[in-house]
Asks: 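The structure under discussion is supplied below as structure tokens; questions concerning it will follow.
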Amino acid sequence: MGRVLRCPIFPALYTDMTTRQLDKTYDPRLVEERWYRFWIERRYFHAEPSDSGEPYCIVIPPPNVTGSLHVGHALNNTLQDILIRWRRMQGRNTLWMPGTDHAGIATQNVVEKQLLQEGTSREALGREKFIERVWQWKATSGDRIVRQLERLGASCDWERLRFTMDEGLSRAVREVFVRLHEEGLIYRGERLINWCPRCLTALSDIEVEHEDAKGRLYSIEYPLADDPSVRLTVATTRPETMFGDTAVAVHPDDGRYNSLIGREVRVPLTGRTIPIVGDAILVDPEFGTGVVKITPAHDFNDFEAGERHRLPRLSVFDHHARLDPVGLRAAAVEQSAVEAVELLPAAKARPKIEQLLRDRGALVKVEDHTMALGRCYRCKTVVEPYLSPQWFVNIKPLAQPAIEAVEQGRVRFIPEGWINNYLGWMRDIKDWCISRQIWWGHQIPAWYCTHCNKELILETVHAGMATTEAKDLPQASRTRITILPKAKPIVARTAPNRCPTCGKNRFIRDPDVLDTWFSSGLWPFSTLGWPDQTPELKTYYPTAVLVTGLDILFFWVARMIMLGLKFMGDVPFRDVYIHALVRDAEGQKMSKSKGNVIDPLHVMDQYGTDALRFTLASMASPGRDIKLAEERIEGYRNFANKIWNVARFILLHLEGPRAATPPNERPFPDRWILSRLSNAVTQVTEELNAYRFDRAAGALYQFIWHEYCDWYLELIKPELQDPASPLAPGIRQTLVESFETMLRLLHPFMPFITEEVWQSLPHEEASIVTRPYPLAQPEWADREAEGSFVLLERAVKMVRTARVLLNYPPAKHLTLYFSHELGGEERRLRMLLPHVAHLGRGKSEIVAIENMPAGHILRLVLEGLTVGIVVEGDVDLHKALDRIRKQIAEGEKERQRLEGKLNNAEFTAKAPPDVIADHQERLEGVRRDRVMLRDSESQLDNMLKD
RNA sequence: GGGCGGAUAGCUCAGUUGGAAGAGCGCUGCCCUUACAAGGCAGAGGUCACAGGUUCAAUCCCUGUUCCGCCUACCA
């Protein structure tokens, strides 16, 4: 004990620990940061296109710059790092491309909150100053997530770190935008879009999260304009939108109403009359009253119905989703009603409207009703369908090739089940709203000639908004402009010099920025240098695999496939590995508000990075969410400690000569462990090839703990502890060799402890990081040794069981007789007996013989193996008798089951021969054991009577 | 409303081209045996959700039911 660890490469690494002894427990805090720096200094993670080896590239799902490492990141990046480190060790030209995402709305929110605390706002600052401020924020805090990924051990090529707002990536964004616009695949138009009244921006369809909410269904009577005695009853969940109604619809085949089509009804509380139209798409005559109001400016279905019937659009909300007095008056709402509801958000306006309708006698009934509510995915505010001019991608032409690529298997999904999800979404894809009314992001490369579009550029956001804006917002925001849909944009890579129409050079740039996911959609090629044809692009595109969570399948994965195919002419990645969501131990989604968040940084502090990584890998079974419990992490912390102590053991016993022994001269334990090791190598490699991280981790755990530690180390201890042992040099060699191989096998999963331990072993290379990944050694496979082990294990377990059963103290001498009924096993058993004696614990003298001496001998039986135990002194035999009776009962059940089966004519006629032979063999064993057990039972009985 | 996935030991989860049910944690008992008590050894614990069907044989394949997740959707 007490060897000094010294790093042979960088002795300085250990200067502060030169007197450090190998403690009994592994302390990750002492080693992790040190080794990470070592790896970075040696540039092990850096890749060049000119490097040797088949390229293997993964682009990181760029975390938000605002992000802090959460357990989902930890899982995602652990899996990527396992793949990358594994492939690097296999000699591939391995690039893990890292980067962060500017995360438009999220980042803007973070900085805005800061400004609020400082008593100011982005509007007061103005656009340029604000953006400057965000960059400043990014410079100081934006790298936090990068440092946390380093902490996780992520072997990214940090020299290539990218950011979605880098100049290079921004150039790619402009290039893509311009080209798509040139092809007519990007257009600007006034549509109903999802609007977040808190973020004050448009959202794409998938940025809206749906949830069921309790609401009410209001039935309201609309009187016929020319005959108020006839009233149509309309049901709505949102009575506040009725002011914007521009028609009511009935089913054209509905005999109750179709004669009324073409006549008009009066909208209650207004001076307006609107037409009755027939619409077979919108109206289900079976539902409700069969009459539907149409509000094209505030409902997606109604918007489309409005298109079909060329109805006007009346917007009655402002951009804070409050009832807008200007809009209300434009909709001819009665003054008293306007005063009652103006500037109220929908939820507050609803009871007032309910009262107004009641007073008017227009409210027929109100029922409880559940409805789907959309919320902003960033701030959870209820989104409002809102009419405004926006930019869109005409997505169908891009979607088609992306559908085919997956159908043809050019992009594989793992697990495959998600393919249908993907295809279903892609086939039904809607145009993508890509403009956002925020400041932080890629500003749209479109300019308007202020001369030619004079009337179309307004200083207010919406005709109805001026009043509310002036009231609520500071001075600076009033300069905000709205460019009406009819304005003609000039889309270009750089700002235009002169207007092609009028020749003047006064332009205003479109104030909108692009959806964050527009730039992340280019990530696999923009990070590699596109639009330039760089060596990186040629070498590493298409990338090997994308590792991601399901939550961004549509946001990100689908768009990368579409844009990759469009601009690179090839898929961005061959495989998409989709991992699960990490939940808490109760299966709840982790969230700050629930307070059930497991902080990976805290976990790493407490248990070590390797323990966290191994836990996540172990639990990454496909198709099932991960319920992460802290006890599990603790278990793998113990596993790390186990490895640490193996290293201590080996260093302790390494003194003395080592010699390579020819395979056929190796002692049984060495032959056995090498055979098992080769098996583990094969298994781990196969599982990694199939992205079965859980099974690979399981195989490693099983091999290292339960084969290597529990059996191999115990088997060789006597030889190592015997200074005169002629076998010791060979065993030492196998010991070091097998352990080093095992460390390499484990390294992608537990990089820190494997490096730490590896460095303490004799070695020539600089680091385990660049050592080759183990290959299965066919010459190590040894069926003979594996067969012997099975016999050994049985014999040892019997001796151990016997001691426990008899309550036999370890110090008390035990004489054991073994016999084996199977021919040919006798010799093998004799060879194993010294090991049995040693592993059986305590002092044992073991003899193998065919005929046991008569007398006070207790016999135990296990699968054809019999052990006779000479009992000395007083022992409690009742437990042993109970055990034997239990065995007899179990054997009896098994015997009946097997006999029943073998007596079944159909079974013997139809089952495969090997199955039948197996059954027969088992039956023979059971019968044999039965004789011995009965014998033991009566012996014990007699002994107890004495 | 549509689609997908899950239901196996007290807990978290593996597994089986259909042929004697597995791990980790927890629990019980013994052991501080000079690598490791964050350990060792020996145990207890399961009609593999329910009901049918196919088969010589079903936890596994098929059908239906119940419960739980997730994705998706315009039913006012």
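Below, read A as the first sequence line, B as the second, and so on, with proteins coming before strands; counting in each chain starts at 1. What you see below is based on every heavy atom in this structure, not just the backbone, and it leaves out hydrogens, waters and symmetry mates. Note that the coordinates shown come from a computational prediction; the quantities given were computed from them, not determined experimentally.
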Asks: Is it the case that the base of B/C36 and the side chain of A/K642 share a donor-acceptor contact (distance under 3.5 Å, atom types as modelled)?
Replies: yes

Asks: Which whole number of Å gives the distance between the P atom of B/G1 and that of B/U65?
Replies: 13 Å

Asks: Looking at A/W711, is A/R794 sitting on its ring face, NZ or CZ under 6.0 Å from the six-membered ring centre and within 45 degrees of the normal?
Replies: no

Asks: So, does A/W705 get its side chain near the phosphate of B/G40, meaning an N or O under 4.0 Å from OP1 or OP2?
Replies: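 Checking A/W705 against B/G40: at least one side-chain N or O falls below 4.0 Å of OP1 or OP2.
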
Asks: In dot-bracket form, 5' to 3', how is RNA chain B paired? Count Watson-Crick and G-U wobble pairs only if both distances fall under 3.5 Å, and write | where the partner sits on another strand.
Replies: (((((((..((((.....[..)))).(((((.......))))).....(((((..]....))))))))))))....

Asks: Do side-chain atoms of A/D722 reach the backbone of A/P718 as a donor and acceptor pair under 3.5 angstrom?
Replies: no

Asks: Does any donor-acceptor pair link the side chain of A/E714 with the base of B/A35 at a separation under 3.5 Å?
Replies: yes

Asks: Could you tell me whether a side-chain N or O of A/D694 sits under 3.5 Å from a main-chain N or O of A/S618, the two making a donor and an acceptor?
Replies: no

Asks: Please verify the inter-ring angle class for A/F639 with A/F614; under 30° counts as parallel, over 60° as perpendicular, anything in between as tilted.
Replies: tilted

Asks: Output the rounded distance in Å from CG (A/L550) to C1' (B/G69).
Replies: 13 Å

Asks: B/A35 C1' sits how many Å from A/L720 CG, rounded?
Replies: 12 Å

Asks: Using modelled atom types and a 3.5 Å cut-off, is there a donor and acceptor pairing between side-chain atoms of A/T289 and backbone atoms of A/T233?
Replies: yes

Asks: Between A/K717 and B/A35, is there a side-chain N or O to OP1/OP2 distance below 4.0 Å?
Replies: yes

Asks: Have a look at A/R800 and say if it touches a base, only the backbone sugar-phosphate, or nothing, with a 4.0 Å heavy-atom cut-off.
Replies: sugar-phosphate

Asks: Just how far, in rounded Å, is C1' of B/A76 from CZ of A/F303?
Replies: 18 Å

Asks: OP1 or OP2 of B/A38 less than 4.0 angstrom from a side-chain nitrogen or oxygen of A/R637, does that happen here?
Replies: no

Asks: Would you tell me if any nitrogen or oxygen in the side chain of A/H210 comes within less than 4.0 Å of OP1 or OP2 on B/C71?
Replies: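 False: A/H210 side-chain N/O out of range (4.0 Å or more) of B/C71 OP1/OP2.
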
Asks: Just the atom pairs and distances: protein N or O near nucleotides 19-21 of chain B's N or O, under 3.5 Å.
Replies:
unit_1: B/A20; atom_1: OP2; unit_2: A/R922; atom_2: NH2; d: 3.4
unit_1: B/A20; atom_1: N3; unit_2: A/E894; atom_2: OE2; d: 2.7
unit_1: B/A20; atom_1: N3; unit_2: A/R922; atom_2: NE; d: 3.3

Asks: Select base, sugar-phosphate, or nothing to describe what A/V283 touches, counting heavy atoms under 4.0 Å on all strands.
Replies: base

Asks: With RNA chain B as reference, determine whether A/R692 or A/T908 sits nearer its 5' end, using the nearest nucleotide of each.
Replies: A/R692

Asks: Does the plane of the ring in A/W425 sit parallel, tilted or perpendicular to the ring in A/F554? Use 30° and 60° as the thresholds.
Replies: parallel

Asks: Return whichever of A/N420 or A/T801 has its heavy-atom-nearest nucleotide of RNA chain B closer to the 5' end.
Replies: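 So the residue in question is A/N420.
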
Asks: Do A/D882 and A/K886 sit within salt-bridge range, that is, some charged N less than 4.0 Å from a carboxylate O?
Replies: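 No salt bridge links A/D882 with A/K886.
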
Asks: With a 4.0 Å cutoff (strictly under), does any side-chain N or O of A/R695 reach OP1 or OP2 of B/G15?
Replies: yes

Asks: So, OP1 or OP2 of B/G39: does either fall under 4.0 Å of a side-chain N or O from A/N638?
Replies: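 For B/G39, OP1 or OP2 has a side-chain N or O of A/N638 closer than 4.0 Å.
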
Asks: Examine B/A38: is either OP1 or OP2 under 4.0 Å from a nitrogen or oxygen in the side chain of A/T25? Give yes or no.
Replies: no

Asks: Could you measure between the two P atoms, the one in B/G10 and the one in B/G5, and give it in whole Å?
Replies: 27 Å

Asks: Counting only heavy atoms not in A/E921 (residues, nucleotides, ligands), do more than 12 fall under 6.0 Å from its CD?
Replies: no

Asks: Does B/A44 have its OP1 or OP2 closer than 4.0 Å to a side-chain nitrogen or oxygen of A/K886?
Replies: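 Yes, such a contact exists.
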
Asks: Can you tell me how far C1' in B/A38 sits from the matching atom in B/A51, rounded to whole Å?
Replies: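 So the two C1' atoms sit 47 Å from each other.
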
Asks: Do side-chain atoms of A/R695 reach the backbone of A/V684 as a donor and acceptor pair under 3.5 angstrom?
Replies: no

Asks: Please classify the nucleic acid contact of A/N904 as base, sugar-phosphate, or nothing, using heavy-atom distances under 4.0 Å.
Replies: sugar-phosphate

